[in-house]
Amino acid sequence: NTLIVFTSDHGELLGDFGCYGKRSMLDASARVPMIARLPGVFPQNYRCDTPINLTDLFPTFLSLAGAPNELPSKESISLMEVVGGVSKNRIVFSQFSQGELGLYMATNREWKYIYSAADNKEWLYDLVHDPKEIDNRIDDPACQEAFRLLKKACIQRFVSDGYHTALEGDDWKRFTP
C-alpha cells in the first residue's frame, strides 16, 4: 500500500542532434523519466502515453492521502486521473528562459509544438509517426490543425498566467537582434 515514484530532472543533449546542454524542447532534453508503482492503483507494466508533468505528483500525493486538491491551478492533475483515462487529450507545457532567449513548448500525446524566440522559429513534430523528432511539419498543410491547436494552447497558457513577456497581441513577440 505504498506509492513508489522514481523520477528525475529533464535530460540533457549529450551530442544528440549535434548539440550539448538543455536549450531544447526535443525529447532528448525535455523528457523526464518516471516510474510509479502502487499495487491496486497503477496497473503492473502499464505504459502511459499521456503527457504528464512533475507538478502532477503533488495532487497525486494529496489524492492518495485523502486530502482535497485545493491548488489554485487546476493544470496539475493526479496520476490516477491519467491512468483512468480522464485526460487523454491533455496538453502539457514547458518553458526554458524568457524574453529574447525564451523557448516554449506545448505537447499532447500525438504532437509537439515548439517556439524559439532566439531563432524566431517554430517546429511541429508528429510524435506518432516521427518519435525521434526529425521532420519539422510546421509547413505541412495536412498538419495545420495540430499546429493551430498547440500554438493557441501555448499562447493561451501564458495569457492566463499573466506572462506577456513573450507575447505581442495574440502571437509571439518578435525580438530584433
Side-chain angles (χ1 to χ4, degrees), residues 1-98 101-116 123-137 146 149-150 153-154 156-158 160-161 163:
N1 66 354
T2 301
L3 170 64
I4 298 171
V5 177
F6 172 82
T7 191
S8 73
D9 197 3
H10 60 79
E12 295 284 337
L13 293 173
L14 298 173
D16 308 83
F17 300 93
C19 299
Y20 294 89
K22 166 63 180 150
R23 198 187 184 297
S24 172
M25 289 297 175
L26 297 170
D27 271 5
S29 178
R31 185 172 286 264
V32 174
M34 181 182 292
I35 298 172
R37 177 79 172 119
L38 180 57
V41 176
F42 300 128
Q44 189 171 352
N45 298 319
Y46 175 75
R47 184 177 172 99
C48 176
D49 62 355
T50 299
I52 61 170
N53 282 316
L54 288 175
T55 58
D56 295 332
L57 290 176
F58 190 65
T60 301
F61 300 153
L62 287 174
S63 178
L64 288 169
N69 181 1
E70 296 177 358
L71 297 173
S73 167
K74 295 300 179 190
E75 187 174 306
S76 298
I77 62 173
S78 164
L79 295 178
M80 281 78 78
E81 291 180 52
V82 175
V83 172
V86 172
S87 57
K88 285 190 182 282
N89 297 321
R90 184 174 194 209
I91 298 172
V92 297
F93 307 93
S94 187
Q95 175 182 345
F96 177 77
S97 198
Q98 58 186 337
L101 298 176
L103 189 61
Y104 309 95
M105 179 195 77
T107 188
N108 60 23
R109 63 179 32 189
E110 297 173 340
W111 296 93
K112 181 187 287 185
Y113 167 79
I114 303 168
Y115 172 68
S116 170
W123 291 266
L124 181 70
Y125 293 107
D126 180 342
L127 301 177
V128 174
H129 299 102
D130 180 23
K132 295 190 180 198
E133 301 169 319
I134 304 296
D135 187 21
N136 183 4
R137 307 286 299 275
L149 170 79
L150 290 176
C154 197
Q156 203 50 34
R157 165 62 158 60
F158 294 118
S160 68
D161 281 352
Y163 175 75

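Put simply, the side chain of Leu3 reaches to within 4.5 Å of the side chain of Phe61, judged on heavy atoms. Contact annotation: the side chain of Glu133 never approaches that of Trp123 to less than 4.5 Å [non-hydrogen atoms, C-beta and beyond]. Annotation: side chain of Phe42 is in contact with side chain of Met80 (closest heavy-atom distance under 4.5 Å). Using a 4.5 Å cut-off on side-chain heavy atoms (C-beta onward), Leu149 and Tyr113 make no contact.
Here OG of Ser94 is found 8.0 Å from CG of Asn53. Values are rounded to the nearest 0.5 Å. Here CG of Leu124 is found 9.5 Å from OG1 of Thr107. Values are rounded to the nearest 0.5 Å. With values rounded to the nearest 0.5 angstrom, Tyr125 atom OH is found 14.5 Å from Lys132 atom NZ. One finds the CD atom of Gln156 at 10.5 Å from the CG atom of Asp161 (value rounded to the nearest 0.5 Å). From Ile52, atom CD1 reaches atom CD of Glu81 across 12.5 Å, with rounding to the nearest 0.5 Å. Between atom OG of residue Ser8 and atom CG of residue Leu54 there is a gap of 8.0 Å, rounded to the nearest 0.5 Å.
Tested against Met105 for a side-chain contact (heavy atoms from CB on, under 4.5 Å), the candidates Leu150, Ile114, Leu26 yield a single pass: Ile114.
Below 30°, between 30° and 60°, or above 60°: for Tyr104 and Phe158 the angle between ring planes is above 60°, a perpendicular geometry.
For the pair Ser63 (side chain) and Thr60 (backbone), a donor-acceptor distance under 3.5 Å is absent.
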Please evaluate residues Leu79 and Leu57 with respect to the criterion side chain to side chain contact (heavy atoms under 4.5 Å, CB included), reporting the C-alpha separation (whole Å), side-chain torsions for both, the decisive distance (0.1 Å), and the verdict.
CA-CA 7 Å; Leu79 295 178; Leu57 290 176; 4.0 Å; yes
Stepwise, does the side chain to side chain contact (heavy atoms under 4.5 Å, CB included) test hold for Asn108 with Asn89?
CA-CA 7 Å; Asn108 60 23; Asn89 297 321; over 6 Å; no
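Across every non-hydrogen atom of Ile77 and Val82, the tightest pair is CD1-CG2, 3.7 Å. Minimum interatomic distance between Asp130 and Asp135 (heavy atoms only, all atoms of both residues): OD2-N, 2.7 Å. For the pair Pro39 and Thr2, the tightest heavy-atom approach, listed with the atom from each and the gap, is CD-O, 4.4 Å. In plain terms, the two heavy atoms of Asp56 and Ser76 that are nearest each other are OD1-CA, 3.3 Å. Residues Leu127 and Arg109 come closest through the heavy atom pair CB-O, 4.2 Å. Closest approach of Met25 to Lys112, counting heavy atoms only: O-NZ, 2.8 Å.
For Phe6, the CZ atom is loosely surrounded, since the number of other residues' heavy atoms within 6.0 Å does not exceed 12.
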